[in-house]
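This report refers to the structure that appears directly beneath it.
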Amino acid sequence: MALSRLQINHVRNLQQVSLEDLQQVNVFFGRNGSGKTSVLESIHLLGMARSFRGNSIKSVISHRETDCTVFGMVTLPSSTSAAAAGLPLGVQRNMAGEVQIKVSGRAVRTVAQLVEHFPLQVITADSFDLLTGSPGARRQYLDWGVFHVEHRFFAQWQRFQRCIKQRNKLLRRGKIADQELEVWTRDLTDSGKTINDYRKGYFELLKPRFLAIMAGLAPSLTSLELRFRQGWDKQLSYEAALKNSTSADLEQGYTHVGPQRADIRVMYDGHLAAETLSRGQQKLVVCGLKLAQGQLMSEMGKGKCTYLIDDLPSELDQQHSQLVCALLASMDAQVFITCVHQQDIESVWPETKELAMFHVEHGAVQRYSPL
Ligand SMILES: Nc1ncnc2c1ncn2[C@@H]1O[C@H](COP(=O)(O)OP(=O)(O)O)[C@@H](O)[C@H]1O
Ligand SMILES: [Mg+2]
């Protein structure tokens, strides 16, 4: 999957931007405040129907406007002529928080129906909080991967969310007939076990790729480890763990154990990487985690994801920027990357001639050719 065209309306300071003929590697350069991050934000909106900053959509819509729209054409990794023409995607968001998503001209109901067509990986300044932040962000990271390689995952995940919501509602109510709790517990056990199996299977494939990438990115970090925590005692079946925690669940009004408590931990020398590694080393680990997912997806024949990378040269030193760019180039992934000066990426990308350059100035984006 790769984005070949993009139209942006009313996203931050981008009033109306139209980009044609997008390439494998697209570099957006310009002064601070020109609108580079907003271009990445627009692509994220197209792929995920939400902002990548995690804040409300209101801050993404241009001031004095009531909605924003992005439209794009995604080419599919298929040789049929229909697919070669590309798949049109469109997302509109308004100030009331409403979402309209169109895939191939038809309105779709869920974001998942959009996400499957245009998988995105994001590396921004905020991404580097992955190790130090909440387990929820790391579960989201893991589930991104499972979702894109295992098409049965999402239905089970939805089922699990429904069950746990219901079970917690019952638990909060206090007085519950055993039978009623049992019904939801049974469904929860079933979907929870399935989700966990998918996550574990994916994790086992991801781990060696992550470690191989890190050996290239940071060879001095020899004792890195990646661990998966499923959310309950690994000696126990989910059934048994739920049984053990029933009285605590009833007492405190929520389900204590399960995939909703899962986490992945990066360890260094037996300690949490988040507490041990320098900020610079943590950034490399996060890059490694994100690159490993794209690599795995492509190796499994599930298509290629597109990378949105904000201002890499100001996050990493020259040597490590070079290593990350070399990995991206070798993965053959589509990349949208921003920097202040034109040469910031040119000087770290392995093959300059492949780069499509765009100059961003006061919310306008121009294809830039040095000739
Ligand atoms: N909702 C908005 N409406 C209009 N302009 C905005 C909005 N939010 C931010 N901006 C402006 O958009 C400009 C571009 O921001 P950004 O894309 O982050 O720049 P950069 O090129 O440094 O990445 C900034 O000058 C910012 O003040
Ligand atoms: Mg920026």
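Just so you know, these numbers come straight off a predicted model, no measurement behind them.
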Inspect the contact between [Y] and [X] and indicate whether a charged nitrogen and a carboxylate oxygen are less than 4.0 angstrom apart.
{"X": "Arg229", "Y": "Asp263", "value": "no"}
{"X": "Glu41", "Y": "Arg53", "value": "yes"}
{"X": "Asp310", "Y": "Lys36", "value": "no"}
{"X": "Arg159", "Y": "Asp187", "value": "yes"}
{"X": "Arg279", "Y": "Asp129", "value": "yes"}

If only side-chain N and O atoms count, and only distance matters, is there a donor-acceptor pair under 3.5 Å linking [Y] with [X]?
{"X": "Thr194", "Y": "Asp197", "answer": "no"}
{"X": "Ser62", "Y": "Arg12", "answer": "no"}
{"X": "Thr255", "Y": "Asn168", "answer": "yes"}
{"X": "Glu239", "Y": "Thr189", "answer": "no"}
{"X": "His341", "Y": "Asp344", "answer": "no"}

Is atom [atom1] of [X] surrounded by more than 12 heavy atoms (other residues, nucleotides or ligands) closer than 6.0 Å?
{"X": "Glu20", "atom1": "CD", "answer": "yes"}
{"X": "Arg261", "atom1": "CZ", "answer": "no"}
{"X": "Gln16", "atom1": "CD", "answer": "no"}
{"X": "Gln366", "atom1": "CD", "answer": "no"}
{"X": "Gln343", "atom1": "CD", "answer": "yes"}
{"X": "Asp317", "atom1": "CG", "answer": "yes"}

Roughly how far, to the nearest 0.5 Å, is the [atom2] atom of [Y] from the [atom1] atom of [X]?
{"X": "Trp157", "Y": "Glu150", "atom1": "CH2", "atom2": "CD", "answer": "15.5 Å"}
{"X": "Ser4", "Y": "Leu87", "atom1": "OG", "atom2": "CG", "answer": "10.0 Å"}
{"X": "Ser321", "Y": "Trp349", "atom1": "OG", "atom2": "CH2", "answer": "11.0 Å"}

Heavy atoms, side chains only, cut-off 4.5 Å: are [X] and [Y] in contact?
{"X": "Leu46", "Y": "Leu6", "value": "yes"}
{"X": "Leu308", "Y": "Ile123", "value": "no"}
{"X": "His117", "Y": "Val103", "value": "yes"}

Fill in: His256 ring center near Tyr254 ring center (under 6.0 Å)
yes
Worksheet item: Does the ring center of Phe154 lie less than 6.0 Å from the ring center of Phe147?
Response: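 Yes - the distance between ring centres of Phe154 and Phe147 falls below the 6.0 Å cut-off.
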For [X] versus [Y], what's the shortest heavy-atom pair and its separation?
{"X": "Gln24", "Y": "Asp332", "value": "NE2-O, 2.5 Å"}
{"X": "Met297", "Y": "Cys305", "value": "SD-CB, 4.2 Å"}
{"X": "Met73", "Y": "Gly86", "value": "SD-C, 3.8 Å"}
{"X": "Thr222", "Y": "Pro219", "value": "CG2-O, 3.5 Å"}
{"X": "Leu114", "Y": "Ala49", "value": "CD2-N, 3.9 Å"}
{"X": "Thr185", "Y": "Arg167", "value": "OG1-NE, 3.0 Å"}

Worksheet entry | Residue from Arg209, His148, Gln121 passing side-chain hydrogen bond (donor to acceptor under 3.5 Å, both in side chains) with Gln293 | Gln121
Discussion item. When you measure from the centre of the six-membered ring of Tyr238, is the NZ or CZ of Lys193 closer than 6.0 Å and no more than 45° off the axis?
Written reply: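 No, cation not above the ring by the 6.0 Å, 45° rule.
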Discussion item. Below 30° counts as parallel, above 60° as perpendicular, anything between as tilted: where do the rings of Phe29 and Tyr368 land?
Written reply: perpendicular
Item to complete: Using the six-membered ring wherever Trp is involved, compare the ring planes of Phe153 and Tyr198 and label them parallel, tilted or perpendicular (cut-offs 30° and 60°).
Response: perpendicular
Worksheet item: Going hydrophobic residue to hydrophobic residue with side-chain gaps under 4.5 angstrom, can you get from Trp232 over to Leu250?
Response: no
Worksheet item: Val11 and side-chain contact (heavy atoms from CB on, under 4.5 Å): which partner among Val17, Leu45, Ile43?
Response: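 Exactly one pass, corresponding to Leu45.
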Worksheet item: Yes or no on side chain to side chain contact (heavy atoms under 4.5 Å, CB included) for Trp144 and Leu142, after CA distance, side-chain angles and deciding distance?
Response: CA-CA 5 Å; Trp144 180 97; Leu142 183 66; over 6 Å; no
